[in-house]
Amino acid sequence: MSINLPEPIAAYFAADKLDGEAVARCFTNDAVVKDEGHTHVGVAAIGQWKTNASSKYQYTCEPFRSEHQDGMIVVTCHLSGNFPGSPIDLRYFFRLERGKVAYLETRP
């Protein structure tokens with residue numbers, strides 16, 4: 001299923017298929033990512049987060065729903081791969097600033 005996503009979010013999901021550097025370029029300099037109980041602040045930390053996650057797990061992520069909630073854009077994705085609990089539907093909470101992602105939190 002294909003859904004319409006704001007450009008910075010579409011760019012994030014496209015970069016997620018590449019590498020940590022590509023993902024990091026989607027974020028503002030002082031962006032925050034919260035994932036798996038950890039907080040990553042700034043472009044370098046976010047790039048390292050993605051690099052580490054990619055070295056541990058191989059997965060596919062298919063966005064299938066997008067909605068606005070409390071000032072954020074919430075994208076629900078179906079993830080499947082070699083990680084515990086696969087497959088799972090995961091919600092991505094995005095806040096955008098100046099055409100980039102300023103905040104991202106993932107939740108089941």
Side-chain angles (χ1 to χ4, degrees):
M1 173 194 284
S2 179
I3 61 172
N4 263 342
L5 296 173
E7 178 54 37
I9 296 174
Y12 167 81
F13 284 113
D16 188 53
K17 296 175 183 177
L18 302 174
D19 59 32
E21 263 187 49
V23 166
R25 286 192 295 271
C26 297
F27 288 84
T28 62
N29 289 336
D30 57 351
V32 174
V33 170
K34 293 184 177 185
D35 183 52
E36 295 184 341
H38 299 283
T39 300
H40 313 276
V41 180
V43 174
I46 291 168
Q48 191 61 51
W49 157 73
K50 172 56 182 164
T51 298
N52 291 344
S54 294
S55 70
K56 288 194 307 191
Y57 307 118
Q58 289 75 49
Y59 61 91
T60 60
C61 176
E62 296 296 328
F64 65 88
R65 181 184 314 131
S66 176
E67 59 190 316
H68 290 267
Q69 185 179 78
D70 299 326
M72 296 203 187
I73 300 166
V74 182
V75 179
T76 307
C77 296
H78 185 73
L79 269 75
S80 62
N82 66 342
F83 56 89
S86 177
I88 187 171
D89 287 344
L90 194 63
R91 294 176 300 155
Y92 291 70
F93 291 77
F94 290 93
R95 189 177 75 245
L96 305 178
E97 289 179 8
R98 301 177 309 275
K100 291 195 171 202
V101 178
Y103 178 86
L104 169 62
E105 182 175 354
T106 61
R107 299 182 206 163

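Below, each value reflects all heavy atoms present in this structure, side chains not excepted, and no hydrogens, waters or symmetry copies.
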- Query: What are the two closest non-hydrogen atoms of Asp89 and His78, and how far apart are they?
  - Reply: OD1-ND1, 2.7 Å
- Task: Before giving the answer on side-chain contact (heavy atoms from CB on, under 4.5 Å), spell out for Phe64 and Glu62 the whole-Å C-alpha distance, their side-chain angles and the decisive distance to 0.1 Å.
- Result: CA-CA 6 Å; Phe64 65 88; Glu62 296 296 328; 6.0 Å; no
- Do Ile9 and Val43 belong to the same hydrophobic cluster, where Ile, Leu, Val, Met, Phe, Trp and Tyr are linked whenever their side-chain heavy atoms lie under 4.5 Å apart, directly or via other members? no
- Answer yes or no: is there a side-chain heavy-atom contact under 4.5 Å between Asp16 and Lys50? yes
- Query: What are the two closest heavy atoms between Pro8 and Gly99, and how far apart are they?
  - Reply: CG-O, 3.4 Å
- Check whether more than 12 heavy atoms from other residues, nucleotides or ligands sit under 6.0 Å from atom CG of Asn4, and answer yes or no. no
- Message: To the nearest 0.5 Å, what is the distance between CD1 on Ile3 and CD on Glu67?
- Response: 10.0 Å
- Item | Side-chain touch Tyr12/Val23, heavy atoms, less than 4.5 angstrom | yes
- Message: Contact between Lys56 and Asn52 at the side-chain level, heavy atoms closer than 4.5 Å - yes or no?
- Response: no
- Item | Residue pair Ile73 / His68, side-chain heavy-atom distance below 4.5 Å | yes
- Query: Between Leu79 and Leu104, is there a shared hydrophobic cluster once you connect ILVMFWY residues whose side-chain heavy atoms come closer than 4.5 Å?
  - Reply: yes
- Of the non-hydrogen atoms in Arg91 and Thr76, which two are nearest, and what is the gap between them? CG-OG1, 3.6 Å
- Message: Between Lys100 and Arg25 (side chain of the first, backbone of the second, donor and acceptor by atom type, cut-off under 3.5 Å), is there such a pair?
- Response: yes
- Item | Spatial distance of atom OG1 (Thr28) from atom CZ (Arg95) [nearest 0.5 Å] | 8.0 Å
- Query: Are a donor atom and an acceptor atom from the side chains of Ser80 and Ser86 found within less than 3.5 Å of each other?
  - Reply: no
- CD1 of Ile46 to CG of Asp30: how many Å apart, nearest 0.5 Å? 9.0 Å
- Rounding to 0.5 Å, atoms NE2 (His40) and NE2 (His38) come to a distance of 6.5 Å
- Message: With a 6.0 Å cut-off (strictly less than), is the heavy-atom count around CD of Glu97, excluding the residue itself, greater than 12?
- Response: yes
- Query: Is it the case that one hydrophobic cluster holds both Tyr57 and Tyr92, taking links as side-chain heavy atoms less than 4.5 Å apart, direct or via other members?
  - Reply: yes
- Query: Heavy-atom distance under 4.5 Å between the side chains of Phe27 and Val33, does that happen here?
  - Reply: yes
- When rounded to the nearest 0.5 angstrom, what is the spacing between OG1 in Thr39 and CD in Glu105? 8.0 Å
- Query: How far does OG1 of Thr106 sit from CG of Leu90, to the nearest 0.5 angstrom?
  - Reply: 5.0 Å
- Task: Any chance you could lay out the side-chain contact (heavy atoms from CB on, under 4.5 Å) test for Val101 and Leu96, step after step, and finish with the verdict?
- Result: CA-CA 5 Å; Val101 178; Leu96 305 178; 3.9 Å; yes
- Message: Is there a path of hydrophobic side-chain contacts, each under 4.5 Å between heavy atoms, that joins Ile88 and Phe93?
- Response: no
- Query: Taking all atoms of both residues into account, what is the closest heavy-atom pair of Cys61 and Pro63, and its distance?
  - Reply: O-CD, 3.6 Å
